[in-house]
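Below, all heavy atoms of this structure are taken into account, side chains as well, without hydrogens, waters or symmetry copies.
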Amino acid sequence: MAFIYLLYILFFSLGAFISGLLIEWTAKYNPNSSYIIPLSIEIVLMLLIGFSPELFPDRSSAPLVISSMLLFAMGLQNALVTRVSQSVVRTTHLTGLFTDLGIELSLLFFQKQKEKRTQINKNIFLKIMIIICFFSGGIIGALTYQHFQLKTLLIPACLLLFALWYDGLLAKYYHIKRKLR
C-alpha cells in the first residue's frame with residue numbers, strides 16, 4: 001500500500017511538473033495561451049477516464065490506472081492555476097485556502113487603510129467562492145456519480161472545453177477591438 005500511495009504522490013507531482021514545463025515552454029512563443037496545452041491534456045484525461053469502463057476490459061488494474069490519471073490531472077490543474085494566478089489561487093487543496101482565509105480575516109482587525117482593506121476583502125471573497133465551489137462540486141459530483149459513475153467526469157471536461165472556446169472568443173474580440181482603435 002505504501003508503494004501505491006508513493007505512486008499517487010509521484011503522479012500528482014508529475015502532473016504539476018509537466019504543467020509547469022509546458023506553461024514555461026509555451027510562454028516563450030505565445031504567453032497569452034500558455035495554459036491551453038495543460039488544460040487540453042486535462043480535458044483528454046477526463047474524457048478518457050469518463051469512458052474508461054469501455055477502455056479497461058481487465059477491471060483489476062482499472063482503479064490504480066484511473067486514480068493515477070486523476071492525480072496527474074489534479075497536478076496539472078493545480079500547477080496551472082497556481083502559475084497563471086501567480087500563486088494567488090490553488091484549486092486542489094483546502095487546507096491552504098482555509099489557512100490563507102484565516103490569516104486574511106485576522107488582517108482585517110489591523111488594517112486601517114481603505115485600499116488595503118478593499119484588497120483583503122477581495123482576497124477573502126475569492127477564497128470563500130473557491131471553497132463554496134469546491135464543496136458544491138463535491139456534492140454535485142457525488143450525486144451525479146451515483147447515476148453516471150465515471151461518466152460524471154464528462155461534465156467538467158465539457159465545462160473546460162467551453163472555457164477554452166469562450167476564452168478564444170474573448171481573445172478574438174479584444175484583438176478586433178484593438179485593431180479598430
Side-chain angles (χ1 to χ4, degrees), residues 1-27 31-46 49 63-64 66-145 150 152-153 155-157 159-164 166-167:
M1 286 304 293
F3 176 73
I4 290 173
Y5 292 135
L6 175 62
L7 185 71
Y8 288 162
I9 292 167
L10 291 175
F11 269 95
F12 183 91
S13 298
L14 181 63
F17 172 76
I18 296 295
S19 185
L21 199 66
L22 290 169
I23 290 168
E24 290 301 316
W25 178 71
T26 310
N32 294 331
S33 62
S34 61
Y35 59 90
I36 291 176
I37 296 173
L39 203 55
S40 298
I41 293 170
E42 186 180 352
I43 291 167
V44 167
L45 286 173
M46 283 195 284
I49 296 165
L64 180 65
I66 290 169
S67 298
S68 298
M69 289 171 65
L70 284 171
L71 284 160
F72 182 85
M74 285 174 64
L76 278 170
Q77 175 71 17
N78 199 54
L80 171 69
V81 173
T82 299
R83 184 73 175 86
V84 169
S85 73
Q86 299 173 344
S87 297
V88 173
V89 178
R90 296 176 193 266
T91 59
T92 56
H93 56 275
L94 287 176
T95 56
L97 276 172
F98 278 107
T99 301
D100 293 346
L101 180 62
I103 291 168
E104 288 171 346
L105 285 169
S106 73
L107 290 176
L108 286 176
F109 287 98
F110 300 100
Q111 194 52 251
K112 302 297 181 205
Q113 294 178 349
K114 184 172 174 77
E115 298 84 27
K116 288 188 179 181
R117 282 184 71 85
T118 301
Q119 185 58 48
I120 292 169
N121 283 328
K122 286 180 183 178
N123 291 345
I124 289 170
F125 178 76
L126 174 65
K127 286 174 180 57
I128 289 172
M129 291 309 298
I130 292 169
I131 291 166
I132 288 169
C133 288
F134 187 91
F135 283 108
S136 298
I139 292 167
I140 293 167
L143 293 173
T144 56
Y145 185 81
L150 289 174
T152 298
L153 290 171
I155 297 168
L159 289 171
L160 289 174
L161 280 169
F162 175 78
L164 279 177
Y166 183 73
D167 189 61

Do [X] and [Y] have side chains that approach each other closer than 4.5 Å (heavy atoms only, starting at C-beta)?
X	Y	answer
Tyr145	Leu153	no
Leu108	Ile124	yes
Trp25	Ile37	yes
Ser19	Arg83	no
Thr26	Ile36	no

So, taking the atom named [atom1] in [X] and the one named [atom2] in [Y], what distance separates them when rounded to the nearest 0.5 Å?
X	Y	atom1	atom2	result
Ile18	Ile23	CD1	CD1	11.5 Å
Thr99	Leu94	OG1	CG	10.0 Å
Leu39	Leu160	CG	CG	5.0 Å
Leu64	Phe11	CG	CZ	7.5 Å
Glu42	Leu70	CD	CG	10.0 Å
Ser68	Leu45	OG	CG	11.0 Å

Restricting to side-chain hydrogen bond (donor to acceptor under 3.5 Å, both in side chains), what partner residues turn up for Gln111, sequence neighbours left out?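 side-chain hydrogen bond (donor to acceptor under 3.5 Å, both in side chains) check on Gln111 returns nothing, list empty.
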Pairs satisfying salt bridge (Lys or Arg N to Asp or Glu O under 4.0 Å), at least one member in residues 108-137, at least two apart: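 Residue pairs passing salt bridge (Lys or Arg N to Asp or Glu O under 4.0 Å), neighbours aside: Glu104-Lys127.
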Check against side chain to side chain contact (heavy atoms under 4.5 Å, CB included), Ile140 and Ile155: CA-CA 10 Å; Ile140 293 167; Ile155 297 168; 5.8 Å; no
Without swapping roles, check the side chain of Ser106 against the backbone of Ile103 for a donor-acceptor pair under 3.5 Å.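 Flag set: sc Ser106 to bb Ile103 pair under 3.5 Å.
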Taking all non-hydrogen atoms of both residues into account, name the closest pair between Leu76 and Pro38 and its distance.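 That closest heavy-atom pairing would be CD1-O, 4.1 Å.
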